[in-house]
Amino acid sequence: MKFLNAQGHFGVLDGRTIRFEDGLNVLYLPNEGGKTTLCNFLRVMLYGLNTSRRDSRRQLSDKTRFRPIDGNPMSGRLEVEWKGRRVILSRQTGKGSAPMQEFSAYYADTGEPCAELTAKDCGKILTGVSEEGFQSSALLDGQDQALSAGELGDRMLALSTTGDSAMLYSGAVSQLDQWKNALRGTGKRGRYAQVEAGIEQLDQSIARLDDLTGQIANYEAQLPEAEQRIAEAENDQQQATEDFTLLFVAKREAAEREERRSRENLAKIRDELPPFDVLADAERATSAYLEAKQATKDAREELETVTANYQKWKDDIDNTEDDYSNSARSTSDIHIRGWSMALAVLFGVLAVVSLLRLIPFGPLAPYMPYLFSVFAIIALIVTFVGSTQSLEAPPMDFDEERVKLERRKQSAIVRNTQAEERGAAAREKFWEQINRIAPDIPAEQEQRALQFMQEVITKKKQYLDCKREHDALAEQYLDILDTTGPQGEARTRMNEAKTAVDQARQSCNALHEAIAVCRGKCEEIGVRQELCAQRDRLEEEKESILWQLDAIRLAKESLVQANAELTGRVSPQINQLAQEYLRVLTADRYTAMQLYTDFEATCRRDNSAVEMDTLRLSTGTRDQLYLALRLAVCKVLLDEAGESVPIILDDPFVNYDDERTACGMKLLREIAHERQVILLTCRRP
């Protein structure tokens, strides 16, 4: 397969046609002239544009990165030669569709569709490898050609086995180990341990469920006996109740007669009484009138007493005052002690002398005036102590007593007046209420009215007593069967029967509650069939995990074996071919190269026994070494597809000087005899 021409609106490609010839095609383009864009255009035309990728902070997606700068929809046309015929590939952007999603492939000579080539598998059918494999082998970027030994080995293994470099050896082994760890794990974190724990938990739940089911069956087996005991106890209670009822029929009938008589008597008394609200007002008015009448009587008696005794009480006060005045003694003579008076005068004179410092007293001089003054005061007090006699206290305050007596008289007059006023008001209200209940009583017959009210109040009390008696009889009638009568034995037997029924029901209810509790626990655990089904599924999953672990083990062994076989098969071919390429690239400076089983490469100069690894080589020589390896890998692996696949190189000589670039061009010309080579570079040799 080889490229013939390409045309498209893709990035900086503005629709111009780019033609390719057999052999070596060198396209000189300046920086940002479209070298990388053309490489990606050829890749997209073969494998399509992945529109599901999104832009990220570090990298733009192809649909954003290569959006046409001329404003046209993204499109492309690529003509290739495949199996001896010219095939035209077309990818267009339809109206309302994603970029480059409308694909067509047809033969250039006849215009017939090429049914073998589809939008998805076109590139893999033409090149023999997937998009990732094509990028890793036939598409060489000068900035990315120096792969590590591990990456080189992984890609070679993937390309040689599946044609797809996306599934690398180390990644596959790592993925298998991850699957194994996820299944087996360590401790309780692996799925296998989780499944085993789930099976154990389900076994415990099923065992617990079976135990609860057995308890329920045991309780249900006890229910008939408990219900039988309830029926027997209820029969005994019914018989005892009937005996007790028959025993007290006479008492119940007597209570009915008493209650009926009391009800008739109560109705008769009630008919003789006025309405209770009117009677209550009359009672209050009568009570108030009697109280006011008594208060008026008391006030009148008090006024009469004060009036009759006023002059006598006043004369008693005057006589008492005269007697006190006649019996009072005058003040006695004053008795003065001369010796104490002389001492008081002497101490006073000494105090004045010491104050004036007329007599020296030495260190006590400041204190002597105070000391003599104290002595003088004491002597003066002694002089007059006991010289007079006190008068006897009067028996009362005569003026105050006269005022109190006058106040008492006036108070008695006021109380009498007020009592008469209240009595008149109470009498008026009393007769107002009497006229409501007994209008036939004249106003002059006060005693008759009071007697009538007394009779009405007595009837009301009688009515209330009868009502209480009636209520008591009604309550006795209602509770006659629940009270202990003369025959206590029947009552006791009925109570014992009732207690037996309650105990039997409690026992039966306890069984029902125990059954309900067990069933609730069963519902909480789950349905046994579902638990068994879950356990079976976990058992199947356990078997599946064991099978997967065996499959992972076998896959890993097969992968290791395939890697070893690949290394032994292709490493010598790549080593020999890369050695020839390195000789040409270095102008016979490095004539020997060794590629080890771990794909670490060393080279040796002519007539030298020292092998130099990549750490000892210069940047340019290291690039030459890896370019030789990559070109050798392309020939060994891609030629297995049946047809040669073009090699596209994007500035592989960025670190080369003119001499090394010339050697590189020489090698590419030699390779171009076997396959199409497309070199994109910004420099002319």
Side-chain angles (χ1 to χ4, degrees), residues 1-6 8 10-13 18 20 23-27 29 33-50 53 59-62 65-66 76 78 80 82 89 91 100 121-148 151-152 154-156 158-160 162-168 574 578 581 623 626-641 643-654 664 667-668 671-672 674-682:
M1 190 271 291
K2 61 183 177 180
F3 299 116
L4 298 179
N5 59 73
F10 190 86
V12 297
L13 301 181
I18 302 174
F20 305 102
L24 178 61
N25 294 264
V26 181
L27 301 179
L29 297 173
K35 298 187 297 298
T36 304
T37 302
L38 181 58
C39 293
N40 285 279
F41 174 75
L42 296 176
R43 172 181 59 82
V44 170
M45 289 303 298
L46 291 175
Y47 296 98
L49 180 67
N50 187 355
R53 291 180 182 174
Q59 187 177 9
L60 296 176
S61 62
D62 288 346
R65 181 183 178 190
F66 299 112
L78 177 65
V80 300
W82 180 57
L89 307 177
R91 294 184 184 271
M100 305 285 280
D121 299 328
C122 174
K124 189 170 184 179
I125 293 174
L126 292 176
T127 63
V129 294
S130 67
E131 182 178 2
E132 292 81 5
F134 180 76
Q135 286 182 282
S136 301
S137 56
L139 189 61
L140 274 70
D141 185 356
Q143 300 295 331
D144 191 36
Q145 64 181 356
L147 297 175
S148 65
E151 287 184 288
L152 185 63
D154 290 344
R155 294 189 179 187
M156 287 176 57
L159 289 170
S160 64
T162 66
D164 188 353
S165 66
M167 195 61 184
L168 303 181
I574 295 174
Y581 290 164
D623 288 351
Y626 279 112
L627 178 59
L629 281 174
R630 293 289 298 273
L631 292 174
V633 169
C634 290
K635 179 173 179 57
V636 172
L637 297 181
L638 293 182
D639 285 354
E640 294 182 358
E643 286 196 12
S644 62
V645 177
I647 298 178
I648 306 171
L649 299 97
D650 182 7
D651 252 343
F653 308 136
V654 290
L667 176 61
L668 293 181
I671 296 175
E674 302 176 356
R675 68 177 70 243
Q676 187 182 36
V677 179
I678 300 174
L679 173 62
L680 304 174
T681 180
C682 63

*Asks:* Which residues pass the side-chain hydrogen bond (donor to acceptor under 3.5 Å, both in side chains) test with T36, not counting sequence neighbours?
*Replies:*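 Residues passing side-chain hydrogen bond (donor to acceptor under 3.5 Å, both in side chains) with T36: D650.
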
*Asks:* Might you point out which heavy atoms bring A6 and F41 nearest each other, and give the distance in Å?
*Replies:*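 Closest approach of A6 to F41: CB-CE2, 3.8 Å.
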
*Asks:* Using every non-hydrogen atom in the two residues, find where P646 and K2 come nearest and quote the distance to one decimal.
*Replies:*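 That closest heavy-atom pairing would be CG-CA, 3.7 Å.
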
*Asks:* If you measure from CG on L29 to SG on C682, what distance do you get to the nearest 0.5 Å?
*Replies:*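 Rounded to the nearest 0.5 Å, the CG-SG separation comes out at 9.0 Å.
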
*Asks:* Any chance you could measure F3, atom CZ, to L78, atom CG, to the nearest 0.5 Å?
*Replies:*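 Nearest 0.5 Å value for the CZ-CG distance: 6.0 Å.
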
*Asks:* Taking R675 for the side chain and V645 for the main chain, is one N or O donor matched with an acceptor at less than 3.5 Å?
*Replies:*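 Yes, the answer is positive, given that a donor and an acceptor are paired below the 3.5 Å cut-off.
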
*Asks:* Rounded to the nearest 0.5 Å, how far apart are CG of L680 and CG of L649?
*Replies:*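 L680 atom CG to L649 atom CG measures 8.0 Å (nearest 0.5 Å).
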
*Asks:* Between Y47 and R91, what is the shortest heavy-atom contact and its length?
*Replies:*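 Y47 and R91 have their closest heavy atoms at C-NH2, 3.9 Å.
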
*Asks:* List for me each residue that meets side-chain hydrogen bond (donor to acceptor under 3.5 Å, both in side chains) alongside N25, sequence neighbours excluded, and say none if there are none.
*Replies:*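 Once residues adjacent in sequence are excluded, N25 has no partner under the side-chain hydrogen bond (donor to acceptor under 3.5 Å, both in side chains) criterion.
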
*Asks:* How close do G11 and T37 get, heavy atom to heavy atom, and via which atoms?
*Replies:*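 What the structure gives for the nearest pair is CA-CG2, 4.2 Å.
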
*Asks:* List in chain and number order the residues that pass ring pair (Phe, Tyr, Trp, His ring centres under 6.0 Å) with F20, two or more places apart in sequence or in another chain; answer none if no residue qualifies.
*Replies:*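 For F20, no residue satisfies ring pair (Phe, Tyr, Trp, His ring centres under 6.0 Å) once neighbours in sequence are set aside.
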
*Asks:* Drop me the distance from N5's CG to I18's CD1, to the nearest 0.5 angstrom.
*Replies:*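 It comes to 10.0 Å.
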
*Asks:* Taking the side chain as every heavy atom from C-beta outward, state whether L631 and I671 have any pair of such atoms under 4.5 Å apart.
*Replies:*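 Yes. Closest side-chain heavy atoms under 4.5 Å.
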
*Asks:* Kindly indicate, with the supporting measurements, whether the criterion side chain to side chain contact (heavy atoms under 4.5 Å, CB included) is fulfilled by D651 and L679.
*Replies:* CA-CA 7 Å; D651 252 343; L679 173 62; over 6 Å; no

*Asks:* So do the side chains of M100 and V44 get within less than 4.5 Å of each other, counting heavy atoms only?
*Replies:*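 Yes - at least one pair of side-chain heavy atoms lies under 4.5 Å apart.
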
*Asks:* For residues L4 and V80, determine if any side-chain heavy atom of one lies less than 4.5 Å from a side-chain heavy atom of the other.
*Replies:*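 No, every pair of side-chain atoms sits at 4.5 Å or beyond.
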
*Asks:* Without swapping roles, check the side chain of E131 against the backbone of R43 for a donor-acceptor pair under 3.5 Å.
*Replies:*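 Between the backbone of R43 and the side chain of E131 there is no qualifying donor-acceptor contact (under 3.5 Å).
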
*Asks:* List in chain and number order the residues that pass ring pair (Phe, Tyr, Trp, His ring centres under 6.0 Å) with F66, two or more places apart in sequence or in another chain; answer none if no residue qualifies.
*Replies:*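 Testing F66 for ring pair (Phe, Tyr, Trp, His ring centres under 6.0 Å), a comparison that skips the adjacent residues, returns F10.
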
*Asks:* List the steps, then state whether side chain to side chain contact (heavy atoms under 4.5 Å, CB included) holds for I678 with I647.
*Replies:* CA-CA 6 Å; I678 300 174; I647 298 178; over 6 Å; no

*Asks:* Looking at V26, I648, L668, which hits side chain to side chain contact (heavy atoms under 4.5 Å, CB included) with V677?
*Replies:*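 Exactly one pass, corresponding to L668.
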
*Asks:* Taking only residues two or more places apart in sequence or in another chain, which ones pass side-chain hydrogen bond (donor to acceptor under 3.5 Å, both in side chains) with D121?
*Replies:*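 Listed in chain order: nothing, the list is empty.
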
*Asks:* Taking all atoms of both residues into account, what is the closest heavy-atom pair of T127 and M1, and its distance?
*Replies:*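 That closest heavy-atom pairing would be CG2-CE, 3.8 Å.
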
*Asks:* So which heavy atom on A628 is nearest to which on A578, and how close?
*Replies:*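 Scanning both residues, the minimum pair turns out to be CB-O, 3.6 Å.
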
